[in-house]
Every structure is written in C-alpha cells, then in structure tokens.
Amino acid sequence: MSSFPDPKDTIAALATPPGTGSIAVIRVSGKRAFAILESLFRRGGKKAALASLPSHSAHVGVITDGDQPVDEVVATVFKGPNSYTGEDVAEVSCHGSPFVAQKILHLLLAAGARHAAPGEFTMRAFLNGKLDLAQAEAVADIIASDSEAALDLALKQIRGGYSQEIKKLRDELIHFASLLELELDFSEEDVEFADRTKLLALVSELLMRVGRLAASFEQGRAVKSGIPVVIAGKPNAGKSTLLNAIVNEERAIVSDLPGTTRDVIEEAVQLDGILFRFMDTAGIRDSREHVEREGVSRTHEKLKQSMVAVYVFDAGVTGPADAMREAQALSLPKNSRLIL
C-alpha cells in the first residue's frame, strides 16, 4: 500500500503532455524549488540566484549537466504564496523534444526533487488554501473538456460558483442554528429569538436550493461526458440512416434486411457547443435468434440511461398514434425527453 505523499518534499514533473512539440514545461514546487533549479540554471555562464529575482518574472538561460549544456530554456519564478500551489514554484520552458524534457526532469530529480504524484500540484493548491475541493475537481474537468458547454461549466466551478452557493447555504443555516441555541440557553425565561415562520420559510427555501443543486449533478455529468441520445425503433425504421445523416458519414450499415444492427453504434457530435452521444441501436422486436435478442436487450439498457430518446418509425407502415403508444411503452428515465 503506497504512503501518502509528503507535502514537505519539493516535487517536479512535466506540466505539458508527453510527446514532441515546440515547447515542454517542467514545474518544480516546494521550499527548495529555487535552490534545486539554481544548481542547474546558468545565465551568462554564471549561476542565477532565482530566489532574489522578482516573482512572476521569466529569465532566459541554459540548463547544464555539470559543465555540459543541455538546452537553452526560460525559467519562470513564482514566489509563494502567490503561486498555483501556494509554495515557491519554478517552471522551466525547454524545447519540446521528449529526450530533452526527460533529461532536464532527471537532473532536477537528481538534484533533490521528488517526482510529483498524479494531481499532486493541484492537491497542494487545495492543502494550501489556493483552491477548495470543488475548484480542485474543476481543474481536471477543464483539462478533459471537449465541448464549449463542458468548458463553461468547469470554468464556473473553478471560479467558485458552486462553492459560493454552498457557503451561502451553510452561513444561513449556522445563523438560524445559533438563534435556536440561544433560545435553549434562555428556555426558562420564555424568550423567542428565532421567528418560527421565517425559519420554516428558510428551511423550505434551502431544501429547494439543495434539491436544485443535487439535480444539476446529472445535467453537469451529461454536459461533461456528452448527452446520451438513443435512436430506437422497430427494425428497418431508418435508425441507421438517421445516424449516418447526423454524423455525415456511412457509420452504420444500411440494409433492406431487418435486424442488420445487432449492437450499439455510438458517435459523438458537437451541436452548438454541446457534446451529444448518438447511439444507433438494434430494432425492437421479438426474436428467437440469440444474437438479435441480445442486441434488443442492449437497446433497452441504453434507453434506461438516455437523456433523449428518438423513436424512429416508418410512416408508411405505422401511424403517428401507434408510434406514440409504442414509444411510451419504452422504459425511459423519468427526466428523459422523447422525440418522434
């Protein structure tokens, strides 16, 4: 079982994704961040006293391995507590060769830094009061965002939107709890400090606001991972044709033979900055064929997880009223939206 990382260590890691690029950034954070980098960084052939340089300043120099130059870099200084982690932070921007970046990181580790655990820079920002828990979680959401809506949601969270709402609810509850405790202290004197009508109104309002926050969880998760849209209907109703039209490519096989689609075919599409996950499913019908029955079973499972269900029907075979009855018989979540 791995031990909890020591927050007193000076840590270092790549802050940019692995791979070849124009620039790679290596971050160092901790009490010895400047001293460790100073042992490798030269300006004009001399050691640079990074600790004496102004915070939030960048300096061109060379990283050396002994007397051998490794790369010309830019060293950026961020003095705590005015840094991302709240500690002294130094960042090295080097050329984006994976070999060069790894060599510089190796030199930093050899000079006394420890390799940062995954998410440890953000964990230190949380421990040092630079971010609260919701904001720390939003950092990962920003990095993983793949749509405009997901990015907007994560940015609202990292700016403290949800944290402020929760703090406001907490403050109001503490205020009324203190009034009730005050009444208990003076219970023998029959003194009332808290207006019962206002208290009941506040509790009702808090329940409504907490419920709204709780309900937003599913919506937020859908925005981040993509809104699940299940395309369902009987065999040969045109489900695969609809999916191909949405993604503008021949993603699903279209055939006159019923039961062509046996498994769920999923494609992600952005519409007006929102990510949707469209799923073409097996046609719903009774079948003795084992594989087709499994496909229909998976269709029903996906419908139970949908936020939008698109029921496709052949108007030449099924009337709108019958199609509506068939669609309403599907097992859909309470908040799922049905479209015919």
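What you see below is based on every heavy atom in this structure, not just the backbone, and it leaves out hydrogens, waters and symmetry mates. Position 1 is the first residue of the sequence, and the numbers go up from there. All values derive from a computational prediction rather than experimental measurement.
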Legend entry - Note, Val264 side chain near Asp280 side chain (heavy atom, < 4.5 Å): no

Inset, instruction - Might you confirm whether atom NZ of Lys234 has over 12 heavy atoms from other residues, nucleotides or ligands at distances under 6.0 Å? - result: no

Legend entry - Ile63 with Leu14, same ILVMFWY side-chain cluster at under 4.5 Å: yes

Inset, instruction - Evaluate whether atom CG of Asn248 has more than 12 neighbouring non-hydrogen atoms of other residues, nucleotides or ligands under 6.0 angstrom away. - result: no

Legend entry - Flag, side chain of Ser57 to backbone of Leu53, donor-acceptor distance under 3.5 Å: no

Legend entry - Donor-acceptor pair, side chain of Asp314 and main chain of Gly316, under 3.5 angstrom: yes

Inset, instruction - Ignoring hydrogens and angles, tell me if any N or O in the side chain of Thr76 forms a donor-acceptor pair with the backbone of Ala58 under 3.5 Å. - result: no

Legend entry - Validation row: Pro228, Gln305 side chains within 4.5 angstrom (heavy atoms): no

Inset, instruction - Let me see the working for Glu87 and Arg124 under salt bridge (charged side-chain N to carboxylate O under 4.0 Å, His left out), right down to the final yes or no. - result: CA-CA 8 Å; Glu87 305 171 328; Arg124 291 195 175 191; 3.1 Å; yes

Legend entry - Check: Leu50 main-chain N/O paired with Glu38 side-chain donor or acceptor under 3.5 Å: yes

Inset, instruction - With Arg27 as the cation and Tyr84 as the aromatic partner, state whether NZ or CZ is under 6.0 Å from the six-membered ring centre and within 45° of the axis. - result: yes

Inset, instruction - Taking atom NE2 of His95 as the centre, report whether more than 12 heavy atoms of other residues, nucleotides or ligands fall under 6.0 Å from it. - result: no

Inset, instruction - Decide if atom CD of Glu72 counts as having more than 12 heavy atoms of other residues, nucleotides or ligands within a radius under 6.0 Å. - result: no

Inset, instruction - With side-chain contact (heavy atoms from CB on, under 4.5 Å) as the test, would you mind laying out the steps for Val92 and Val25 before giving the verdict? - result: CA-CA 6 Å; Val92 179; Val25 178; over 6 Å; no

Inset, instruction - Give a yes or no on whether the backbone of Pro333 and the side-chain of Ser336 come within a donor-acceptor separation of less than 3.5 Å. - result: no

Inset, instruction - Say whether, by atom type as modelled, one donor and one acceptor occur between the side chain of Asp88 and the main chain of Gly80 under 3.5 angstrom. - result: yes

Legend entry - 4.5 Å side-chain heavy-atom contact, Ile227 and Leu275: no

Inset, instruction - Nearest 0.5 Å please: distance from the CD atom of Glu120 over to the CG atom of Leu127. - result: 9.0 Å

Inset, instruction - Would you confirm whether Asp71, through its side chain, and Val73, through its main-chain N or O, come within 3.5 Å as a donor-acceptor pair? - result: no

Legend entry - Gap separating the CE atom of Met123 from the CG atom of Asn128, nearest 0.5 angstrom: 9.5 Å

Inset, instruction - Answer yes or no: is there a donor N or O on one side and an acceptor on the other, between the side chain of Lys79 and the main chain of Ala51, under 3.5 Å? - result: yes

Inset, instruction - Would you give the length of the straight line joining atom CG of Leu37 to atom OG1 of Thr10, rounded to the nearest 0.5 angstrom? - result: 11.5 Å

Inset, instruction - Would you check if Phe78 and Glu91 make a side-chain contact, meaning some heavy-atom pair closer than 4.5 Å? - result: yes

Legend entry - Heavy atoms from other residues, nucleotides or ligands near CG of Asp286 exceed 12 (cutoff 6.0 Å): no

Legend entry - Non-hydrogen side-chain atoms of Val247 and Phe278 separated by less than 4.5 Å: no

Inset, instruction - Would you give the length of the straight line joining atom CZ of Arg170 to atom CG of Leu206, rounded to the nearest 0.5 angstrom? - result: 13.5 Å

Inset, instruction - Count the heavy atoms of every other residue, nucleotide or ligand shown that sit under 6.0 Å from NE2 of His56, and state whether that count exceeds 12. - result: yes

Legend entry - Any donor-acceptor N/O pair, Ser83 side chain to Gly86 backbone, under 3.5 Å: yes

Legend entry - Pair Glu301-Arg298, salt bridge (charged side-chain N to carboxylate O under 4.0 Å, His left out): steps then yes or no: CA-CA 5 Å; Glu301 286 300 314; Arg298 294 186 181 188; over 6 Å; no

Legend entry - Neighbour count >12 (heavy atoms, 6.0 Å) for atom CZ, Arg42: yes

Legend entry - Hphob cluster co-occupancy, Tyr311 + Met279, side-chain heavy atoms under 4.5 angstrom: yes

Inset, instruction - Mind running side-chain contact (heavy atoms from CB on, under 4.5 Å) on Leu108 and Ile26 for me, showing each step along the way? - result: CA-CA 10 Å; Leu108 290 166; Ile26 302 161; 3.7 Å; yes

Legend entry - Hphob cluster co-occupancy, Val60 + Leu40, side-chain heavy atoms under 4.5 angstrom: no

Legend entry - Pair Arg114 + Asp9: basic N to acidic O under 4.0 Å: yes

Inset, instruction - Please say whether more than 12 non-hydrogen atoms of neighbouring residues, nucleotides or ligands are located less than 6.0 Å from CD1 in Ile23. - result: no

Inset, instruction - Using modelled atom types only, decide if a donor and an acceptor are shared between the side chain of Ser39 and the backbone of Ile36 within a distance under 3.5 Å. - result: yes

Inset, instruction - Under the side-chain contact (heavy atoms from CB on, under 4.5 Å) rule, what do Ile246 and Asn244 come out as? Steps first, then yes or no, please. - result: CA-CA 5 Å; Ile246 291 170; Asn244 290 341; over 6 Å; no

Inset, instruction - Kindly compute the distance separating OG1 (Thr64) from NZ (Lys47), expressed to the nearest 0.5 Å. - result: 8.5 Å

Inset, instruction - Identify whether Met307 and Ile231 are in the same connected component of the hydrophobic contact network (ILVMFWY, side-chain heavy atoms under 4.5 Å). - result: yes

Legend entry - Test item: His59 and Arg43 side chains (from C-beta on) under 4.5 Å apart, heavy atoms: yes

Legend entry - Test item: Leu338 and Leu332 side chains (from C-beta on) under 4.5 Å apart, heavy atoms: yes

Inset, instruction - Please round to the nearest 0.5 Å and tell me the distance separating atom CZ of Phe34 and atom CZ of Phe41. - result: 12.5 Å

Inset, instruction - Test Ile11 against Phe121 for side-chain contact (heavy atoms from CB on, under 4.5 Å), laying out the working first. - result: CA-CA 8 Å; Ile11 56 175; Phe121 291 112; 3.8 Å; yes

Inset, instruction - Tell me whether Met324 is reachable from Val230 by hopping between hydrophobic residues (I, L, V, M, F, W, Y) whose side-chain heavy atoms are closer than 4.5 Å. - result: yes

